[in-house]
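Written out below as structure tokens is the structure these notes cover.
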Number of protein chains: 2
Amino acid sequence: MSVRKDSARNRARLVEAAREVFAERGFGATLDDIARHAGLGTGTAYRHFPNKQALAAEVLAGATEQIVVDARHALTVADPWLALVTFFEANAERQARDRGLYEALTGRGDDETQARIWPEIIVAVTDLFDRAHTAGVVRADATPQDIAAIFALLGPAFTMSRELSADLWRRYLALLLDGLRAVDRPPLPAAAPAAADLPTILKSGKT
Amino acid sequence: MSVRKDSARNRARLVEAAREVFAERGFGATLDDIARHAGLGTGTAYRHFPNKQALAAEVLAGATEQIVVDARHALTVADPWLALVTFFEANAERQARDRGLYEALTGRGDDETQARIWPEIIVAVTDLFDRAHTAGVVRADATPQDIAAIFALLGPAFTMSRELSADLWRRYLALLLDGLRAVDRPPLPAAAPAAADLPTILKSGKT
DNA sequence: CTCAGGCGGAGACAAGATCTCCGCTTTAGA
DNA sequence: TCTAAAGCGGAGATCTTGTCTCCGCCTGAG
């Protein structure tokens with residue numbers, strides 16, 4: 001007897017449901033939540049995956065791969081500054097859309113995923129950064145570690161974006177990049193949040 | 001019979017212990033933790049304060065007042081840009097040193113404290129911002145709401161500072177302010193974190 | 001000296017998450 | 001069609017973690 005048809009279908013549904021739920025609510029979501037979102041019982045979820053981490057690992061595998069692809073792609077951009085910005089925007093956009101991804105890249109996933117993906121990102125980013133640095137388009141006292149710090153700082157911006165305006169994070173990414181840049185300064189993208197949005201902005205600090 | 005001496009002393013000890021524990025670990029700390037830190041039993045803590053919020057309110061009252069004082073003080077600085085920076089630095093320094101304060105100002109305290117303190121801060125900040133804006137030292141497309149957003153973004157920087165180097169947050173505040181500024185650009189303060197610090201930097205996203 | 005009131009801390013209680021158990025249903029294959 | 005192996009559902013057992021109470025013992029005010 002081969003794999004049951006319903007079993008295979010349910011496994012696929014669980015992975016898809018997990019993708020959606022983790023993206024929307026982060027890893028705080030329970031496996032029970034995911035099962036319900038998939039229209040299945042919790043027992044079914046636990047038959048297919050021993051625990052939440054196993055399911056998260058499956059969902060993240062694809063997403064994190066894609067980031068390395070983004071970094072490699074940015075390396076093909078000729079202008080050093082534009083190459084750096086290209087990477088930031090591609091990566092930030094993924095994180096803004098997927099809360100689980102942000103949590104995985106910064107602290108809250110399993111350490112294993114973080115340990116696997118970051119070294120690859122670092123290699124690509126250091127390369128991008130060095131080129132921009134040599135070309136003199138990045139301030140002289142900045143370092144590649146600042147890149148990671150900028151991603152950490154963007155977390156609250158992603159939270160704001162989710163609640164206010166989908167591309168608000170671009171405004172703060174631009175502000176940070178303008179601070180990082182040696183020269184020039186384009187206008188900020190995305191409209192500023194309204195005064196009435198203040199409570200929401202202030203709630204963005206942590207989860 | 002008047003207030004017992006030991007009772008008054010224990011109440012003071014609890015407030016002092018709460019100040020220290022909240023500053024160090026944030027409001028996630030339990031009242032039991034605070035009691036133990038004060039060298040007292042949990043029952044004693046609950047006799048003096050009905051719950052954690054009441055104790056937190058007592059501790060925060062002083063701290064939040066101080067922020068308004070900082071804002072008023074910054075308004076006395078003649079140079080518009082320096083006035084804005086003065087406020088940012090004074091306020092950020094308090095938050096960097098007191099995790100509970102950061103949590104209270106951004107989402108996680110009681111909403112009541114946040115509702116009480118922010119309007120006053122907004123008034124002072126809007127004033128500071130308008131002066132800088134009129135003087136042309138702040139980029140034309142920035143708004144006072146961006147000030148709040150910058151504070152939200154600084155959260156992860158405070159976390160990093162706590163774990164790496166006490167004044168690392170100054171580096172990222174400067175980066176953000178340089179992005180906010182219309183002209184000039186001083187070198188970044190504080191040394192860049194080392195490559196080996198990356199895991200710590202990455203954990204700063206949320207609590 | 002005495003007793004009202006404070007003290008300590010074990011543990012009752014609550015909330016929330018993880019994961020199991022088992023009676024019922026579905027599917028594959030004869 | 002029949003059957004048994006496998007999957008399904010979801011109530012609830014279990015664990016964890018934090019809040020707060022209870023009550024026997026102790027201390028200080030008068």
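Everything numeric here is computed off the predicted structure, so don't read it as measured data.
- The separation between Arg36(B) atom CZ and dC7(C) atom P is 18 Å, rounded to whole Å.
- Rounded to whole Å, atom P of dG9(D) lies 5 Å from atom CG of Leu40(A).
- Following rounding to the nearest Å, Asn10(A) (CG) and dC8(D) (P) show an atom-to-atom distance of 5 Å.
- Environment of CD in Glu24(B): sparse, with no more than 12 heavy atoms of neighbouring residues, nucleotides or ligands closer than 6.0 Å.
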Q. Checking side chain to side chain contact (heavy atoms under 4.5 Å, CB included) for the pair Phe22(B)/Ile34(B): CA distance, chi angles, key distance, verdict?
A. CA-CA 9 Å; Phe22(B) 284 145; Ile34(B) 292 167; 3.6 Å; yes
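- Phosphate proximity of dG9(D) to Thr44(A): present, with a side-chain N or O under 4.0 Å from OP1 or OP2.
- Asp6(B) has its CG atom 14 Å from the C1' atom of dC25(D), to the nearest Å.
- Taking the charged nitrogens against the carboxylate oxygens, Arg11(B) and Glu58(B) do have a contact shorter than 4.0 Å, which makes a salt bridge.
- Judged by atom type and distance alone, Arg47(A) does not reach the base of dG7(D) through any side-chain donor-acceptor pair under 3.5 Å.
- Checked by distance alone, Asn51(A) brings no side-chain donor or acceptor within 3.5 Å of a matching partner on the base of dC19(C).
- Distances were taken from every side-chain heavy atom of Arg4(B) (C-beta onward) to each of dC19(C), dT27(D), dA5(D); the shortest belongs to dT27(D).
- In this structure, Arg11(A) atom CZ and dT27(C) atom P are separated by 19 Å, rounded to whole Å.
- When the side-chain nitrogen and oxygen atoms of His48(B) are compared with OP1 and OP2 of dG6(C), none of them lie within a distance under 4.0 Å.
- In this entry the distance linking CZ of Arg9(A) with P of dT27(C) reads 7 Å, nearest Å.
- Two residues, Asp32(A) and Gly41(A), neighbour DNA chain D, and the one matched to the more 5' nucleotide by heavy-atom proximity is Gly41(A).
- The base of dA10(C) lies close enough to the side chain of Thr42(B) for a donor and an acceptor atom to sit less than 3.5 Å apart.
- Rounded to whole Å, atom P of dG10(D) lies 15 Å from atom CG of Leu31(A).
- Under 4.0 angstrom from either OP1 or OP2 of dT19(D) there lies at least one side-chain N or O belonging to Lys52(B).
- Between Arg19(B) and Asp98(B) there is no salt bridge, since no side-chain nitrogen of the basic residue lies less than 4.0 Å from a carboxylate oxygen of the acidic one.
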Q. Between Phe88(B) and Phe151(B), is a ring-ring contact (aromatic ring centres under 6.0 Å, His included) present by the stated rule, with each step listed?
A. CA-CA 9 Å; Phe88(B) 263 113; Phe151(B) 273 114; 5.1 Å; yes
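- Atom-to-atom, CG of Leu14(B) to P of dG6(C) comes out at 14 Å; the value is rounded to the nearest Å.
- Residue Thr30(B) places no side-chain atom within donor-acceptor reach of the base of dG18(D), judged by atom type and a 3.5 Å distance cut-off alone.
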